[in-house]
Protein chains: 2
Amino acid sequence: MIGRCPPGQRTELAVLLWERALDPQKGTWSLPGGRLRDDEDLDTSARRQLAEKVDVRELAHLEQLSVFSAPDRVPPPRRIASAYLGLVPLTADPQLPADTDWHPVSALPPMSFDHGTVVDHARTRLAAKLSYTNIAFALAPADFTMSTLREIYCAALGYEVDTTNLQRVLSRRKVITPTGETRAPGRAGGRPAAVYRYTDSGIRVTDEFAALRPPT
Amino acid sequence: MIGRCPPGQRTELAVLLWERALDPQKGTWSLPGGRLRDDEDLDTSARRQLAEKVDVRELAHLEQLSVFSAPDRVPPPRRIASAYLGLVPLTADPQLPADTDWHPVSALPPMSFDHGTVVDHARTRLAAKLSYTNIAFALAPADFTMSTLREIYCAALGYEVDTTNLQRVLSRRKVITPTGETRAPGRAGGRPAAVYRYTDSGIRVTDEFAALRPPT
């Protein structure tokens with residue numbers, strides 16, 4: 001699955017789904033996926049399945065989410081699903097096939113099989129990781145104002161976050177770095193806004209538990 | 001797999017392994033495991049496989065670790081392994097079958113297939129989770145002095161941790177709670193030591209990222 005915020009609209013966390021044209025469960029919406037090939041591992045397979053739906057050059061983060069293995073999760077024959085969490089930046093706008101679209105996770109269409117549960121797991125994992133890692137780098141544009149970053153955190157967490165607190169915590173933890181540039185204020189006026197970027201382009205734990213830091 | 005510290009010895013992180021009596025890879029050591037049955041999901045299967053080796057009444061925590069799916073990870077036919085991290089307290093001392101023993105993760109015997117890689121993943125995951133969750137509740141006895149808890153953290157992290165810092169951080173985060181009792185000082189003398197317990201008996205994120213806390 002992919003979490004991202006659809007372009008040109010209110011910032012929301014959205015997931016890429018395709019509509020089943022045939023039974024079983026015709027008309028319900030599914031996460032991209034398919035069978036593991038004999039010559040590929042699960043990571044390779046997840047990237048391939050996704051690439052067959054959309055252009056994934058902008059896939060900024062991909063991780064194993066969880067395995068869904070209830071014996072009756074799909075009609076026989078039994079299938080075990082290894083689900084992934086994939087993230088693309090707010091600014092990504094890949095071409096989509098006709099049966100495929102972004103859906104806000106807050107308003108999902110009728111979902112196939114246990115795919116709604118998979119999306120719930122992904123939301124929960126993402127929200128938890130926002131609090132102890134720099135994972136939002138994968139949702140943010142290359143550079144951004146705190147106002148934009150705040151909208152991304154609000155969308156992914158599902159509640160309001162204070163811009164000043166967010167800026168202070170992320171700066172103290174060296175998660176974000178000022179670029180030295182500013183951007184003109186929006187229609188609300190005020191001072192020009194400082195521009196930031198994420199310090200790292202890979203995921204890391206940002207928690208400041210100094211007592212447990214390895215010796216340097 | 002199970003991480004724990006073997007009783008009656010220096011506190012160490014250890015893993016439960018069994019020695020293969022037959023080929024393939026006769027004489028190497030394996031993590032407990034086996035085939036998924038048609039009527040069980042992976043969590044149920046992991047608990048069953050473990051229970052067939054040892055008495056797991058004291059299994060304090062169990063979580064999906066990662067799926068190992070390289071096409072050539074075992075001789076054909078292909079098998080995909082869904083690995084679990086299971087933890088038991090320092091004080092647990094279950095009866096073991098003749099082919100099974102605890103091995104310190106710092107001195108593993110020759111390991112079967114990719115099982116050494118699985119143990120490395122588990123160690124890394126455990127160390128990371130120590131810094132942003134209360135996961136050490138699953139390794140600690142029901143109540144303990146800070147000196148005992150420090151040994152558990154050192155063993156799981158692989159480096160020294162300061163007792164005073166550890167006590168301060170865990171208390172501030174309300175991860176541990178004083179029971180109000182004290183224990184006689186050890187042979188080194190000094191004052192009686194305060195006794196603590198873990199505040200929660202299930203895992204939770206303990207990170208103090210107030211800016212991202214949901215509204216109450």
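Keep in mind that what you see is a predicted model, and the values were worked out from it rather than measured. Naming: A, B, ... by sequence-line order, numbering from 1 per chain.
Counting heavy atoms from C-beta outward, A/L36 and B/I80 have side chains that approach closer than 4.5 Å.
The shortest heavy-atom contact between A/V205 and B/S131 is CG1-OG, 3.8 Å. When all heavy atoms of B/Q64 and A/S66 are compared, the closest pair comes out as OE1-OG, 3.3 Å. Pairing each heavy atom of A/S69 with each of B/L42, the nearest pair is OG-N, 2.8 Å. Among all heavy-atom pairs drawn from B/D38 and A/P71, the shortest one is O-CB, 3.5 Å. Summarising the geometry of A/R78 relative to B/E40, their closest heavy-atom pair is NH2-O, 2.7 Å, with the distance given to 0.1 Å.
Qualifying side-chain hydrogen bond (donor to acceptor under 3.5 Å, both in side chains) partners for B/H121, counting only residues two or more places apart in sequence or in other chains: none. Checked against side-chain hydrogen bond (donor to acceptor under 3.5 Å, both in side chains), B/S106 has the following partners two or more places apart in sequence or in another chain: B/E12.
Going from atom CG of B/D39 over to atom CG of A/D72 covers 11.5 Å, rounded to the nearest 0.5 Å. With rounding to the nearest 0.5 angstrom, the OG1 atom of A/T206 is 10.5 Å from the OH atom of B/Y132.
In this structure, the portion of B/R37 lying under 4.5 Å from any heavy atom of chain A is its backbone and not its side chain.
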